[in-house]
Amino acid sequence: MPTYIIVTVLTLLLAVQSATLVAQSQEALARQHFEAARRAAGMEWATAADFFAMTADEIRPLLPSSREDPTEPVKVFDNLYLIGSKQVVVWTITTTDGIVLIDAGGEPGAERLLAGLKQLGLDPGTIRYVLVAHGHSDHFAGAKPLQDRFGARVGMSAADWDFVQPKPGAASSGGDVPKRDLTLVDGETLTVGDVRITPVLIPGHTPGSMGFIFTVKDGAATHTAALFGGTMLSPSAPLPQVQQYLRSIEHFRDVTRRAGADVELLNHPLMDDLFPRVARLKARRPGDAHPLVVGKDGYQRFLSVIDESMKGQLARRGELTVP
C-alpha cells in the first residue's frame, strides 16, 4: 500500500478518535452539571431538574401555546392571588392602595383575568399597576385592555419596551402592545400602599426580562417572595443569550440572598410543582407549614438547579469547556 494512503488512513483514524474523545468529554461534563443540578434539587425541585435537563425537542411540546388550560383563581397568601392558566400565571398582589398585577396574560385572556378577579372578590377598577416580567405577548397583551379601561399603569424594562414595539415590515408580535408607560429599573423599588416591589433585571429570555421581590403575608408571618420572570430558555438558544442568562441567574441569586427570599414563584409554572403545592394549600390545617414557603436555602437551591442545568445544556452542545 502506498505510503500516502497509509498516512491518509491514519490521519482519518486519529481524527475520528479525537472527535470521539471530545464527544465523550462533552458528555461527561454535561452529566457532571446535570448531576450537580439533581443534588441541589433533592426531592423538592426534582421536577425542575428533570425539566431543565430535557432537550429542545423534548421541551417544545410543553411550551405555552394558544390552547391554554385555565386554572381556578385562588388565594395563596393573605395579599397574593393566582389567576391564569396552567401554562401562564398572573400573580395578583393586593395593597392598601390598590392592586398590582405581575403580568396580565395574553389579550384573549383579559376577560378571564377580569372574571378571576371578580370571582376572588377583587375589584378590577382598583388595579394600579401591571408589571410585565418579559416582553412576550402571553404576558403583556392583556395589559392593554386594563390600561384602556381602568387607567392601569404598565411597567416594563426599557429594553423590553423597545423589544415589544412593532418593527417596520415585521410580522405582528401576536398581541396589542400597551402604550409605553412606566420604565422599570433594576433595584429601583416601587412602593404601592403597604407593599414594596423591587424589580431585578435578568436579561436572557428576552433582552429586558425582570424578576420581582416583594413581601407576602400569612397570618402574623411575613415572607419574602421572589419571582424569576424569565425562566423559560430553550436549550438551543444562541450561546451569547445563554451566557447572558447565566449571568442573570447569578445576579438574581445575589439579590435574593441579600433579601432573604423564602417563597419561590414563576410566571411559567411548568417546572416548580406549583399546582400540587396549591392543592396542599387548600388542604392545609391550622399549624401546618405553608406549601409555597420553601425557605432561604430552598430558594437558592432552586436557582442552582437552573444554573447547573443550563451549564449542562451548554456542555451537551460542546460550548462549555472544563474549567
### Query
Are there more than 12 heavy atoms of other residues, nucleotides or ligands under 6.0 Å from atom CZ of Arg257?
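Atom CZ in Arg257 is packed in, count exceeds 12.
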Atom [atom1] in [X], atom [atom2] in [Y]: separation rounded to 0.5 Å?
X: Ile83; Y: Leu114; atom1: CD1; atom2: CG; answer: 9.0 Å
X: Glu264; Y: Glu44; atom1: CD; atom2: CD; answer: 9.0 Å
X: Ile102; Y: Leu131; atom1: CD1; atom2: CG; answer: 6.0 Å
X: Ile306; Y: Phe228; atom1: CD1; atom2: CZ; answer: 5.5 Å

Heavy-atom distance under 4.5 Å between the side chains of [X] and [Y], does that happen here?
X: Val192; Y: Ile93; answer: no
X: Leu184; Y: Met156; answer: no
X: Pro207; Y: Asp162; answer: no
X: Leu265; Y: Leu292; answer: yes
X: Val132; Y: Asp160; answer: no
X: Thr215; Y: Arg196; answer: no
X: Gln147; Y: Asp181; answer: yes
X: Thr95; Y: Arg128; answer: no

### Query
According to the salt bridge (Lys or Arg N to Asp or Glu O under 4.0 Å) rule, which pairs have a member within residues 282-296, sequence neighbours left out?
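For residues 282-296: Glu72-Lys282, Asp218-Arg284, Arg285-Asp288.
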### Message
Test: salt bridge (Lys or Arg N to Asp or Glu O under 4.0 Å). Region: residues 113-124. Which pairs qualify, not counting sequence neighbours?
### Response
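Listed by first then second residue: nothing to list.
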### Query
Does Gln165 reach the main-chain N or O of Trp161 with its side chain, forming a donor-acceptor pair under 3.5 Å?
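Looks like yes, one N/O pair under 3.5 Å.
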### Query
Within the distance-only criterion (no hydrogens, no angle test), does the side chain of His134 pair as donor or acceptor with the backbone N or O of Gly229 below 3.5 angstrom?
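Between the backbone of Gly229 and the side chain of His134 there is a qualifying donor-acceptor contact (under 3.5 Å).
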Output all residues satisfying ring pair (Phe, Tyr, Trp, His ring centres under 6.0 Å) with [X], sequence neighbours left out; order by chain, then residue number.
X: Phe77; value: His290
X: Phe214; value: none
X: Tyr299; value: none
X: Trp91; value: none

### side-chain hydrogen bond (donor to acceptor under 3.5 Å, both in side chains) between Ser304 and Arg253, intermediate numbers included
CA-CA 9 Å; Ser304 293; Arg253 183 195 299 279; 3.1 Å; yes
### Query
Under 3.5 Å, is there a donor-acceptor pair linking the side chains of Arg247 and Gln244?
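Short answer, no.
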#### Entry: hydrophobic_cluster_shared for Leu120 and Leu274, side chain cutoff 4.5 Å
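Leu274 and Leu120: separate clusters.
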### Partner of Met210 by side-chain contact (heavy atoms from CB on, under 4.5 Å), out of Val185, Leu201, Leu227
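Going through Val185, Leu201, Leu227 one by one, the side-chain contact (heavy atoms from CB on, under 4.5 Å) with Met210 is satisfied by Leu201 alone.
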### Check against salt bridge (charged side-chain N to carboxylate O under 4.0 Å, His left out), Glu111 and Arg149
CA-CA 12 Å; Glu111 293 305 319; Arg149 292 171 61 176; 3.0 Å; yes
